[in-house]
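Only this structure's heavy atoms are used, side chains among them; waters, hydrogens and symmetry mates stay out.
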Amino acid sequence: MPHFPVNHPARPLYRVLAGLIGLYILVFGVWGVAETLGDPLFDRGSHWALGLRTNLAFSLASVIFGVVLIIGASRRTNLGHYMNLTAGAVFLVTSILMMSVLQTEANFLNFSMSTVVVSMVFGLILLGTGLYDKVGSEEHAEIERRRRSHPVAEVHRR
């Protein structure tokens, strides 16, 4: 069973980072919707928003993801922890899948290589913020600290 750090001291920084990513995705989505409004949902045109290629479907999904990430970053519960882990995995899987169909008709989200790279970076950052954003009681945090500083663990650190 994995042991995520509980009540990490840099947790506020990680929440701000996840919130900024959510804000960027939201602004990108709104801008993309404004650019592609009236086009077919899965159009493969040359619409760009904030340096990334997009279509109406990808822009609408970005608006939803941006709102979800901002909500997760604004809560002081483990909701943000689980949302960031899930969103990070979704971003990484989506970027790899879309990279594999980049030059084909299966590129239904109209990704470009820059969109793939940004999605991978966002996915890695969101996974990192999700790993260190877990909230728990002080007792739970103390148990995790003791587990990490157990004498057997000290022997293996040398």
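In plain terms, the two heavy atoms of S95 and S119 that are nearest each other are CB-CB, 3.6 Å. Of all heavy-atom pairs between D133 and R11, the closest is OD1-CG, 2.9 Å. The two residues W48 and E35 make their nearest non-hydrogen contact at O-CG, 4.0 Å. Residues R15 and T77 approach most closely at NH2-O, 3.4 Å, considering heavy atoms. The two residues S114 and G51 make their nearest non-hydrogen contact at OG-O, 3.6 Å.
Atom CG of L126 and atom CG of L69 lie 5.5 Å apart (nearest 0.5 Å). Annotation: the span from N107 atom CG to S112 atom OG amounts to 8.5 Å, rounded to 0.5 Å. Interatomic distance, I25 CD1 to L50 CG, rounded to the nearest 0.5 Å: 11.0 Å. A distance of 8.0 Å separates OG1 in T129 from CG in L127, rounded to the nearest 0.5 Å. M113 contributes atom CE, which lies 12.0 Å from atom CZ of R53 (distance to the nearest 0.5 angstrom). Here the CZ-CD1 distance, from F91 to I21, works out to 8.0 Å after rounding to the nearest 0.5 Å.
If you chain together hydrophobic residues whose side chains sit under 4.5 Å apart, V101 and L97 never meet in one group. Cluster annotation: L26 and V68 are assigned to distinct hydrophobic clusters (Ile/Leu/Val/Met/Phe/Trp/Tyr, side-chain heavy-atom contacts under 4.5 Å, transitive). Linking Ile, Leu, Val, Met, Phe, Trp and Tyr residues whenever their side-chain heavy atoms come within less than 4.5 Å places F111 and V90 in a single cluster. Both I125 and V116 sit in one connected hydrophobic cluster of ILVMFWY residues. Membership requires side-chain heavy atoms under 4.5 Å apart, directly or through other members. Both L85 and V121 sit in one connected hydrophobic cluster of ILVMFWY residues. Membership requires side-chain heavy atoms under 4.5 Å apart, directly or through other members.
Residues F42 and F58 keep their aromatic ring centres 6.0 Å or farther apart.
For S62, the side-chain hydrogen bond (donor to acceptor under 3.5 Å, both in side chains) criterion is met by no residue, not counting sequence neighbours.
Of the N and O atoms on the side chains of N110 and H47, not one donor lies less than 3.5 Å from an acceptor on the other residue.
Applying the 6.0 Å contact sphere to CZ of F122 captures more than 12 heavy atoms from other residues, nucleotides or ligands.
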